[in-house]
Amino acid sequence: MALPISSYTVVGAWYSILIICWTCFNIAMASYESSLHVEAQALLESEWWSGYTNHLPSRCYWPGITCNNAGSITNITLPAGLQLGNKLRRFNFSCFPNLVHLNLAEHGITGNIPYGLGTLSKLIHLDLSSNDIEGTIPSDIWNLRNLVTLNLASNKLNGSIPSTVGQLTKINSLFLNNNQISGFMPVELGKMRNLIQLGLSNNSFIGSIPLDLGLLNNLKFLSLSWNKLNGSIPLDIANLNNLVVLDLNTNNLTGEILSVLHNLTNLTDLNLSNNMISDMIPRKLIQLTKLKYLRISNNKTFGAIPDDIGKLTKLLVLDMSKNMLTGEIPVSICSCSNLQELILNHNNIIGNIPSDIGDLVSLFVIDLSHNSIKGEIPSQLGNVQHTRILNLSYNELTGTIPSSLVSLGKVNLSYNSLEGEIPFALQKSLPPDAFRGNENLCGRTTPFPYCYSSPHEPNNRDLVVAMKIFLPPTALLALLCSAYVFLRWCKAGNCMSVSKETKNGDMFSMWNYDGKIAYKDIIEATEGFDIKYIIGEGGYGSVYKAQLPSGRVVALKKLHNLAANEPAIYRIFKNEVRILTRIRHKNIVKHYGFCLHNRCTFLVLEYVERGSLYCVLRNDIEAMELDWTKRVNIVKGIAHSLSYLHHDCQPAIVHRDVTTKNVLLNLEMEGCLSDFGIARLLNFGSFNRTVLAGTYGYIAPELAYSDRVTQKCDVYSFGVVALEIIMGKHPGDLVSLLSTASSQGILLKDILDPRLISTINLQSVQSLALIATLAFACLHSQPRLRPTMRLLCDKFVKGNSPLTKPFEEISIKHIVNQEL
């Protein structure tokens, strides 16, 4: 029976539908096969997997590749050791629509990030950290709205972060640290409410910390350290009650340590070091009972350490050094049973060392140096056998040295008022410098004075007193008798010739208080200060070159006889003696001895062969020998010497006459700071007022209207000297033009020494740009805005950052505004 016509129609329709579906399926499969082939072809063209074929089934088994069930690539995590170089730009990101994870960290990538990453719309994790990627961050990266992790840390990226960063609303980890990113931190960071970790440290961000960061309630890790941020810490930070790590160190932050920080009850690491915070330590910080690391060093924090700091029982590191703290070390600190580092140096702490610190068996570092701590050294400190560093130098400690300290590692007890015999085991294990500056210490080995009687033996006290009273006159009488017998014997013709060196002695081993022994050597070496030995002249004296019997060559700085009788000049000379006997630094001229006599007054100094930097810069031949590398090293050497005087001497020393004439060069063209005649010791807390002194053209401008001397006066002079070294001449009017519009168009290349401009290379350009930037910062008209010498040295140690502008385009404006 034949089917109705309508039935044929229905069957035909279904058949047509089947044909269409089958055709579409075949087309889709062909398209998918084609897309898989495109992925494989893109992998081959990237040249990341050299040696592999484009066989479709095998590509999912290539190293570092993961595919989904359909065979499309979802994850690329390259194996360790594979170096890509400039091959990132060969990768066609648009060919990988299903890629969700891309990890290329530590694969030696160079060049820029190619535009096209934004086509990876499904990407969740992107890690390009620890490479050598340069240039700006491509704008299409901020369109990857599914990103959960973005890690571009430890590259050479520059430019700024745009406001479109706020589009990454799903992100929980953003790391851009260790780059050269500049500009302001965008307030749109506050829109990234899922952020758990934010790392922006070690860049060049400026301005204040955005208030909107206080909206990131899920944040656990926040690091903004090593930037140029200013202003105070925002109150809104206290809203981040999930925060575990807060690192703001090495910025220009001012204001207070917020008492509201006690709300951050989950905090384990708080680092506010190397800022300009001026505040007392809030007592409420003690409520942060989970703290393991508390660092507030190198600020202007004052007041006492909270008495109940012992409540921070989980504390591992306490660093409050280089502040203005007063009061005593709280006894409760001995309750911090897990403490490994106790660093309180360079403050004004008084009182005794708590003896129970010896119960902190985990202590690795104890640094209480440069304070005003009194009393005896507790013998219990020897119980802390894990301690490798014990520094109690530059205090007012008295009594004897406990023998228990022999169980410790590096110990420094210098410049106190300790007395008695140094334990023999310590004499053998520690260098003499560890005991320097304690006049009443004695020992059994050189170079310590011999102990006639141990101070630990009270039965011999009367004998010691008797020796002090009767021994000097007895010895004098015996000496006179011996001299009389010796002279009679010589008259009988029995004297034998004695070598000149034995007769007069070696000045460096036999220098005595009145200088008579060395004086003979010096008179003979200079033929009575004959004019032919003069190597330099000054207004009040001359400098002589002398070769001593031992063969050593020294410089003699001798006052003219008339000048020596002038009280003011004589005081300047004595001041230089006083300063030089306190300091030892490789970039400061060494002091060997002196003679203060009304007929002959002189200093015995290290002979520095090449003379003054001033003269070398003004001699075309010698200036050419002083290449860029040597000039950079001289600037660094001067910086380190001034940092030593300002921050490592107690009390601090201000040179007050830092000029190129007072920088001497040795045979290797290394710089040594000299001439401390008008240097001044700064007593902390005093006004340090004085009459104007120094050299015109190097004197800080504030001394024209104020007589207060601070370290910032030397900082200004250093800025002038640094510019003079790279310019080859005194900067002159350039300094006064800095604050005017006329300096804006001056280029860096136009102020550099023209005699060396043809020898400049990339490395020297970076170094010279850094020196110019720091030098101009030192020349700020407001002393408080000039950097410290310690900060400058840190910048030099940190090294040069690659420039963001071609050398030929760098202007003074860019340098002053730090837009490099």
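Predicted, not measured: the structure shown is a model, and the values here were computed from it.
Annotation: the span from L792 atom CG to T773 atom OG1 amounts to 11.5 Å, rounded to 0.5 Å. Between the CD1 atom in I634 and the SG atom in C672 there is a gap of 10.0 Å [rounded to 0.5 Å]. Remark: K805 NZ to I815 CD1 distance equals 11.5 Å, nearest 0.5 Å. Atom CG of L664 is separated from atom OG of S674 by 4.0 Å, given to the nearest 0.5 angstrom. In this structure, CD1 in I757 is found 8.0 Å from CG in D750, a value given to the nearest 0.5 Å. One finds the NZ atom of K322 at 16.0 Å from the NZ atom of K300 (value rounded to the nearest 0.5 Å).
Identified under the salt bridge (Lys or Arg N to Asp or Glu O under 4.0 Å) test for residues 754-766, with sequence neighbours left out: D620-R755, D753-R755. Identified under the salt bridge (Lys or Arg N to Asp or Glu O under 4.0 Å) test for residues 710-731, with sequence neighbours left out: R618-E724.
Under the 4.5 Å side-chain criterion, counting only non-hydrogen atoms from C-beta, Q711 is not in contact with M789. Side-chain contact between F302 and I281: absent, with no pair of heavy atoms (C-beta onward) separated by less than 4.5 Å. Considering only heavy atoms from C-beta on, T788 stays 4.5 Å or farther from V715 through its side chain. By the 4.5 Å heavy-atom criterion applied to side chains, N158 and I181 are not counted as neighbours. Counting heavy atoms from C-beta outward, L272 and T301 have side chains that stay 4.5 Å or more apart. Considering only heavy atoms from C-beta on, F807 comes within 4.5 Å of L752 through its side chain. In this structure, the side chains of C778 and Y716 stay at 4.5 Å or more apart for every pair of heavy atoms. I296 places none of its side-chain heavy atoms less than 4.5 Å from the side chain of I277.
Looking only at distances, a side-chain donor or acceptor of H730 sits under 3.5 Å from a matching main-chain atom of G697. Panel note: side chain N227, backbone F205; a donor-acceptor pair is recorded below 3.5 Å. Looking only at distances, no side-chain donor or acceptor of N177 sits under 3.5 Å from a matching main-chain atom of F175. Within the 3.5 Å criterion, the main-chain N or O of D319 finds no donor-acceptor partner in the side chain of R295. For N347 (side chain) and N345 (main-chain N/O), a donor-acceptor pair under 3.5 Å exists by modelled atom type. Looking only at distances, no side-chain donor or acceptor of H591 sits under 3.5 Å from a matching main-chain atom of V604. Side chain of D657 to backbone of N662: no donor-acceptor contact under 3.5 angstrom is found. Of the possible donor and acceptor atoms, one in the side chain of N395 sits under 3.5 Å from a partner among the backbone N and O of S393. Here the side chain of N203 pairs a donor or acceptor atom with the backbone of L176 at under 3.5 angstrom. Side-chain N or O atoms of S764 include none that pairs as donor or acceptor with a backbone N or O of I760 at under 3.5 Å.
The side chain to side chain contact (heavy atoms under 4.5 Å, CB included) test with C713 is passed by exactly one of E702, H655, R656, R786: E702.
Contacts of E670 classified as side chain to side chain donor-acceptor pair (under 3.5 Å), with partners at least two apart in sequence or in another chain: N666. Applying the side-chain contact (heavy atoms from CB on, under 4.5 Å) criterion to D132, with sequence neighbours excluded, gives T110, K156. For D433, the salt bridge (Lys or Arg N to Asp or Glu O under 4.0 Å) partners at least two apart in sequence or on another chain are R436. Residues satisfying the side chain to side chain donor-acceptor pair (under 3.5 Å) test with N587, not counting sequence neighbours, are none. Residues passing the side chain to side chain donor-acceptor pair (under 3.5 Å) test with S297 are S273, sequence neighbours excluded. Contacts of E625 classified as salt bridge (Lys or Arg N to Asp or Glu O under 4.0 Å), with partners at least two apart in sequence or in another chain: R610. Residues passing the salt bridge (Lys or Arg N to Asp or Glu O under 4.0 Å) test with D648 are R790, sequence neighbours excluded. The ring pair (Phe, Tyr, Trp, His ring centres under 6.0 Å) check on Y644 picks up H585, with sequence neighbours excluded. Residues satisfying the salt bridge (Lys or Arg N to Asp or Glu O under 4.0 Å) criterion with K630, sequence neighbours excluded, are D627. Taking the side chain to side chain donor-acceptor pair (under 3.5 Å) definition, one finds that N274 meets it with T250, N298, sequence neighbours left out.
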Verdict with supporting geometry, L189 and D212, side chain to side chain contact (heavy atoms under 4.5 Å, CB included): CA-CA 7 Å; L189 288 171; D212 296 62; over 6 Å; no

Does L229 form a side chain to side chain contact (heavy atoms under 4.5 Å, CB included) with M185? I'd like the steps, not just the answer. CA-CA 9 Å; L229 300 172; M185 290 184 181; 3.8 Å; yes

Pair N178, W226 - check side chain to side chain contact (heavy atoms under 4.5 Å, CB included), show working. CA-CA 9 Å; N178 298 314; W226 287 94; over 6 Å; no

Under the side-chain hydrogen bond (donor to acceptor under 3.5 Å, both in side chains) rule, what do S369 and D367 come out as? Steps first, then yes or no, please. CA-CA 6 Å; S369 63; D367 192 346; 2.7 Å; yes

Checking side chain to side chain contact (heavy atoms under 4.5 Å, CB included) for the pair L211/V187: CA distance, chi angles, key distance, verdict? CA-CA 7 Å; L211 302 179; V187 296; over 6 Å; no

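Atom CD1 of I621 sits in a sparse spot, with 12 or fewer heavy atoms from other residues, nucleotides or ligands closer than 6.0 Å. More than 12 heavy-atom neighbours from other residues, nucleotides or ligands sit within 6.0 angstrom of NZ on K228.
The minimum heavy-atom distance linking Y698 with V720 is given by the pair CD2-CG1, 3.6 Å. Scanning both residues, V589 and E606, for their nearest heavy atoms gives CA-OE1, 3.7 Å. When all heavy atoms of P162 and S160 are compared, the closest pair comes out as CD-O, 3.6 Å. Minimum interatomic distance between N275 and L248 (heavy atoms only, all atoms of both residues): ND2-O, 3.1 Å. In this structure, P186 and P210 approach most closely via the heavy-atom pair O-CG, 4.3 Å. In terms of heavy-atom proximity, D279 sits nearest to P282 at OD2-CG, 4.4 Å.
Side-chain rings of F796 and H640 stay apart, their centers remaining 6.0 Å or farther from each other.
For the 3.5 Å distance criterion, the side chains of N179 and N155 fail to qualify, holding no donor opposite an acceptor. Looking at W628 and T759, their side chains do bring a donor and an acceptor atom within 3.5 Å of each other.
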